[in-house]
Amino acid sequence: MTSPIWHPFTQHGLAEPIPLIARAEGAALYTREGVRIIDAISSWWVTTHGHAHPKIVAAIAEQAGRLDQIIFAGYTHEPAETLARALIAMMPDPLAHIFFSDSGSTSVEVALKMSLGFWANRGAPRHRIVVMEHSYHGDTIGAMSVGARGVFNQPYAPLLFDVATIPFPEAGAEQATLDALEANCRDAPAALIVEPLILGAGGMKIYAPAMLAEMRAICARHGVLFIADEVMTGWGRTGTLLACTQAGIVPDILCLSKGLTGGAVPLAVTLATPEIFDAHLSSDRARMFFHSSSYTANPIACAAANANLAIWRDEPVLDRVAEVERSQRALLAAIADHSKVVNARQLGTITAFEVDERSGNYLSPIAPRLAAFCRDRGVLLRPLGNTIYVMPPYCIGDDLDTVYAVIEAYLSAD
Ligand SMILES: *Cc1c(COP(=O)(O)O)cnc(C)c1O
């Protein structure tokens, strides 16, 4: 019997097999038939400590029986209050206000609306957003608008709003990025939005912390709001809790999601400085922040996030991150000289390289072929075109050897 389900980023016309996963634990997924698959991409970049972490599971179960859901306009609850205080304590000053939503895309929509609201409420409306080439910020219309244009959004292109795009800071051509940002800032845009240090869906493209610091400084000099989309980079992926920390910067607006609940249930936050919050503060209801979703700050999701924060407080998470970073470095080095491996690179727990040639696009046949090859050998990978990347949960341990052995087998086949 065929399933009625329409899967994300899936061409059903190709009738590729879709395994049914029955359970997961740590870094492993198990099919209905009991086949073990190593989750080498953290289930699309969300799982940090591993699947079904006992503390997160217990927090979800306990909260579900106590208070499952409550309208968040005009009401509040303990899991959200606790989480808000703990998150603000964990994040750099002056990020002092927190708005809840339920996905990375909505956290970006919220960030964009906050920045437009900031300018509107100051009586000096601004509408232009500056973005970086190759960036990805989500799949809703606003998030697509500030992301790279390509085959994924071509049918919707006429409805996407115009943005100003600065070039990706390729090694040796960084000045062009800074010059373009400087020029755009003179036209009084509302904000710049960037993925700090590494562009994820755009192909795991890495740039230096110094560049991030320079971009932040240019925005500050021109009074342009700086939005950091740490939906992927947050929660240790790049070696530190936040990628921004490595550049010694603090954004005006910060988006977090994916690892916020350890990857167990959906939740997102958009953090803002007092300046942005205060611009919406008034006795005039017309100046409030006009955004909500039904499940804003869902108590069960907040409880999962509180358990995640407790794990960060009580367990040596950054030691595990450093361990993954070391293993990744050694394993990548062992395949980096392979004739088919181009541009092997690493940032924190993430490694990436291109196969064969650099010019492959997202629809490169390498991606489905390699994904199927690895799946059949018990490893979940999902290349971005001809870019293979490994982004494991921090509990992967020796399973990482198997991941690279399978990649090596693929490279050495045919
Ligand atoms: C995944 C991602 C998003 C979108 O998050 P969703 O939860 O999938 O909506 C936004 N920005 C970045 C940098 C991401 O990697």
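As the structure lists them, so they are numbered: ligands from 1, and atoms in each ligand from 1. Remember, it's a predicted structure, so these values are computed and weren't measured experimentally.
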Using 30° and 60° as the class limits, which term best fits the ring planes of F9 and F152: parallel, tilted or perpendicular?
tilted
Can you tell me how the ring of F277 sits relative to the ring of H97, calling it parallel under 30°, perpendicular over 60° and tilted otherwise?
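Aromatic pair F277/H97 classed parallel.
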Does any N or O atom in T106 lie less than 3.5 angstrom from one in ligand 1, N or O only?
no
Around atom OH of Y295, are there more than 12 heavy atoms of other residues, nucleotides or ligands at under 6.0 Å?
no
Among all protein heavy atoms, pick the one closest to [atom] and tell me residue, atom and distance.
| atom | answer |
| --- | --- |
| atom 4 (C) of ligand 1 | S105 N, 3.5 Å |
| atom 3 (C) of ligand 1 | V231 CG1, 3.7 Å |
| atom 15 (O) of ligand 1 | K258 NZ, 2.7 Å |
| atom 12 (C) of ligand 1 | D229 OD2, 3.4 Å |
| atom 7 (O) of ligand 1 | G104 N, 2.8 Å |

Of the non-hydrogen atoms in E195 and Y136, which two are nearest, and what is the gap between them?
OE2-N, 2.8 Å
Is the closest heavy-atom distance from W44 to ligand 1 below 4.0 Å?
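Contact absent.
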Just to be sure I read this right, does ligand 1 sit under 4.0 Å from the backbone of Y136, its side chain, both, or neither, counting only heavy atoms?
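Both parts.
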Listed partners of T273 passing side chain to side chain contact (heavy atoms under 4.5 Å, CB included), at least two apart
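By the side chain to side chain contact (heavy atoms under 4.5 Å, CB included) rule, T273 matches P94, L95, D252, E275, I276.
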Does a side chain donor of either S42 or R237 reach within less than 3.5 Å of an acceptor in the other side chain?
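Yes, side-chain donor-acceptor contact under 3.5 Å.
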